[in-house]
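The next block holds one structure in the form of structure tokens; read it before the comments.
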Amino acid sequence: MANKHKGYIDIQVGGKKRTLHFSMNFWSEFTEQLGVSLQDIGHVFENGISLKGLRALIYSAILANDQEQGNEIDYNVYSVGAWLDELQAETINDIVETMLQSKILGNSLGVETQKAGKPKPSKK
């Protein structure tokens, strides 16, 4: 199911393969976990993400997918926090990259900037 461009990534954590989904359900849960508004979400990432933020990010993404799919919820935010020790730095980077490639309200979160092209003359 992993499709980074659609906000999905699979990881092995908590004794099994779990799918994270960076969807509107994720953003709803993530902002709730951190007690910030969607408007202020940029402040969460300004100086790097805290451990609480990382735990909330992973928990919210796993929870969003499992609730969307009707899967059993066999964890809580604290068990996800305990799983963080299992994750390699590369996996965490992949998770954050997937989140940045996802979209919120139709807008990409990625820091990619597109260069404005030169206008082409009309062919009249």
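What you see is a predicted model, and the numbers here were worked out from it, not measured in a lab. The figures that follow rest on heavy atoms only: side chains count, while hydrogens, waters and symmetry mates do not. Counting begins at 1 with the first residue of the sequence.
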Legend entry - Shared hydrophobic cluster, Tyr75 / Tyr78 (ILVMFWY, side-chain heavy atoms < 4.5 Å): yes
Inset, instruction - Take Ile41 and Trp27 through the test side chain to side chain contact (heavy atoms under 4.5 Å, CB included) and record every step on the way to the result. - result: CA-CA 9 Å; Ile41 198 70; Trp27 288 107; 3.7 Å; yes
Inset, instruction - Could you check Asn65 against Asn71 for side chain to side chain contact (heavy atoms under 4.5 Å, CB included), going step by step and ending with a plain yes or no? - result: CA-CA 8 Å; Asn65 182 73; Asn71 298 337; 4.2 Å; yes
Legend entry - Separation of Gln12 CD from Arg18 CZ (nearest 0.5 Å): 9.0 Å
Inset, instruction - For atom CD1 of Ile73, decide whether the heavy atoms of other residues, nucleotides or ligands shown that lie under 6.0 angstrom number more than 12. - result: yes
Legend entry - Phe22 vs Leu100 side-chain heavy atoms within contact, under 4.5 Å: no
Legend entry - Candidate pair Lys16 and Asp74, rule side chain to side chain contact (heavy atoms under 4.5 Å, CB included), full reasoning: CA-CA 11 Å; Lys16 63 183 181 179; Asp74 60 348; 3.3 Å; yes
Legend entry - Side-chain donor-acceptor pair present, Asn25, Gln67, cut-off under 3.5 Å: no
Inset, instruction - Indicate the atoms forming the closest heavy-atom contact of Val13 with Glu86, along with that distance. - result: CA-OE1, 3.5 Å
Legend entry - Closest non-hydrogen atom pair, Leu87 against Ile95: CD1-CD1, 4.4 Å
Inset, instruction - Drop me the distance from Ser79's OG to Ile62's CD1, to the nearest 0.5 angstrom. - result: 9.0 Å
Legend entry - From Leu34 atom CG to His43 atom NE2, the distance as rounded to the nearest 0.5 Å: 13.5 Å
Inset, instruction - Looking only at non-hydrogen atoms, find the nearest pair between Gln33 and Val77 and report the distance. - result: OE1-CG2, 3.7 Å
Legend entry - Glu46, CD atom: more than 12 neighbouring heavy atoms under 6.0 Å: yes
Legend entry - Minimum-distance pair of heavy atoms, taken over all atoms of Ser23 and Ala64: OG-CB, 4.0 Å
Legend entry - Aromatic plane relationship, Phe30 with Phe45 - under 30° parallel, 30 to 60° tilted, over 60° perpendicular: parallel
Legend entry - CD/Glu32: more than 12 non-hydrogen atoms of other groups inside 6.0 Å: no
Legend entry - Heavy-atom pair of closest approach, residues His21 and Phe26: O-CB, 3.3 Å
Inset, instruction - Please check if the side chain of Ser28 supplies one atom and the backbone of Met24 the other of a donor-acceptor pair under 3.5 Å. - result: no
Legend entry - Separation of Leu84 CG from Ile58 CD1 (nearest 0.5 Å): 5.0 Å
Legend entry - Any Asp94 side-chain heavy atom under 4.5 Å of Ile9 side chain: yes
Legend entry - Shortest non-hydrogen contact between Tyr59 and Asn76, atoms and distance: CE1-C, 3.6 Å
